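Start at 1 with the first residue, then count along the sequence. Heavy-atom basis, side chains included; hydrogens, waters and symmetry copies ignored. Quantities reported herein were computed from a predicted structural model and do not represent experimental measurements.
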Amino acid sequence: MVQIFGSALLILFICNLIGQLWLIRWENYQDSIWMATIMGLLTLFAAFQLVAVPAIFMKRKLHELVTYMIVVIVVLSLASVVRLCMTRGAYYRHQIEKIRNAVKEKSNIWLVIAAVLILLHTYYGAFYDKQHQDDVRYVGAVVDAVETDEMLMYHPGTGEYLGELQDEFYKDAVAPILMFWAMWCRMLGIHPTTFTHIVVNLFMIPIAYGVAYLLGRALCKKNIRLQGMFLCAYCLFNMVNHVLPVEGIGLTINFMRWGKSILYCVLIPFLIVLMMEIMSLKKPWKVYPRLGLLLYGSCLASTMSCVLMSIAVGVWAFWDAVRVRSWQSIGRLLIPVLLCLPLVGYALLYMTVTQ
């Protein structure tokens with residue numbers, strides 16, 4: 001049990017540490033613990049996606065990707081630690097100060113209630129969720145990769161060695177979220193079933209609610225009371241909707257090992273947060289690298305990301321350009337569209353290999 005909780009906290013800490021590199025000169029979120037964590041996760045998503053897709057098609061071994069990701073994590077973590085030392089730990093000192101101020105502020109009671117609800121939902125999703133649809137299809141592929149060191153080369157239902165990508169495995173090769181989980185299993189020494197059913201929910205459900213918090217912050221501005229109420233309502237909706245005979249987001253958020261769950265509960269809401277920030281700025285050029293990281297990192301989760309995220313960004317960029325009505329509107333339209341090119345490339349790759 002200690003290893004399970006410790007692994008989830010370690011992953012959250014690594015994501016937060018790496019993500020702090022993105023908060024430099026980000027005025028709106030310099031002290032945001034959740035923005036740092038989410039940006040760190042997206043950084044790992046993008047780094048893994050960059051190498052994993054060609055590695056899978058070239059039939060490379062899982063341990064090679066594990067070695068690569070260890071190097072990436074160590075280098076980025078050291079860079080963040082150096083920055084922390086240069087600022088004398090200003091980021092964490094500010095977090096302590098925020099906690100002290102929160103205790104004194106009565107309006108924060110709604111955030112406290114929301115935090116309790118989120119912890120309860122996270123615990124339930126990790127330990128009491130017994131609906132494990134598609135375990136043979138998804139978790140089986142992770143188990144095979146960890147135990148054989150081969151990526152998507154075994155049929156998860158029969159255990160037969162295929163020797164090449166077949167059928168739906170092309171989708172997993174283009175959006176290799178399953179191999180991302182396999183990489184963490186190898187790195188942390190946790191059995192794939194335990195990791196995908198329990199550990200993934202222990203750190204991904206809080207991240208999903210972290211995105212919801214940022215969305216509430218963007219919608220409610222500086223009204224802490226409304227932010228807390230928004231989070232409470234969102235969490236209660238998820239918890240109640242999970243027991244209804246409807247497969248909505250309340251059900252999806254408990255299956256964060258699925259790429260489509262990450263897309264619906266993390267990536268799309270976070271895209272809305274960035275789009276709202278870009279529309280509020282006259283010169284949003286500093287936000288575009290973060291948007292690019294989100295779009296490229298989203299390719300890891302699901303092939304649906306390539307379609308849905310591209311459509312959302314294209315429609316929004318067109319509307320934003322029309323709204324501005326100046327020479328800057330050209331850049332506000334072209335830059336987001338260009339950032340979608342990797343998504344279009346992966347979508348075309350998937351269409352090509354499946355024909």
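- Sorted by first and then second residue, the salt bridge (Lys or Arg N to Asp or Glu O under 4.0 Å) pairs with a member in residues 301-321 read Asp320-Arg323, Asp320-Arg332; sequence neighbours excluded.
- At most 12 non-hydrogen atoms from other residues, nucleotides or ligands lie less than 6.0 angstrom from CZ of Arg60.
- In this structure, the side chain of Arg257 does not engage the main chain of His197 through any donor-acceptor pair within 3.5 Å.
- Looking at Trp26 and Ser32, their side chains never bring a donor and an acceptor atom within 3.5 Å of each other.
- Checking each of Ile262, Leu267, Leu295 against Ser305 for a side chain to side chain contact (heavy atoms under 4.5 Å, CB included) leaves exactly one that passes, namely Leu267.
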Checklist entry - After noting the C-alpha distance and the side-chain angles of Trp184 and Ile11, does the key distance pass the side-chain contact (heavy atoms from CB on, under 4.5 Å) rule? => result CA-CA 9 Å; Trp184 281 110; Ile11 294 173; 3.9 Å; yes

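- Between the side chains of Gln20 and Asn16, at least one donor-acceptor pair of N or O atoms lies under 3.5 Å.
- For Phe318, the CZ atom sits in a loose shell: 12 or fewer heavy atoms of surrounding residues, nucleotides or ligands are nearer than 6.0 Å.
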N/O donor-acceptor pairs under 3.5 Å from side chains in residues 65-74, not counting sequence neighbours:
| unit_1 | atom_1 | unit_2 | atom_2 | d |
| --- | --- | --- | --- | --- |
| Thr67 | OG1 | His63 | O | 2.9 |
| Tyr68 | OH | Ala47 | O | 2.7 |

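- Taking CG of Leu291 as the reference point, atom SG of Cys340 lies at 7.0 Å (rounded to 0.5 Å).
- Closest heavy-atom contact between Leu23 and Ala36: CD1-CB, 3.6 Å.
- Side chains of Tyr234 and Tyr213: no donor on one and acceptor on the other come within 3.5 Å.
- Note on ring orientation: taking the six-membered ring where Trp is involved, the planes of Phe48 and Phe180 are perpendicular (angle over 60°, cut-offs 30° and 60°).
- Side-chain atoms of Thr148 come within 3.5 Å of backbone N or O of Asp144 as a donor-acceptor pair.
- The hydrophobic cluster around Ile311 extends to Val307, Val315, counting ILVMFWY residues whose side-chain heavy atoms fall within less than 4.5 Å of a member.
- Note on Val273 and Leu219: same hydrophobic cluster, where clusters join Ile, Leu, Val, Met, Phe, Trp and Tyr whose side-chain heavy atoms are under 4.5 Å apart, directly or indirectly.
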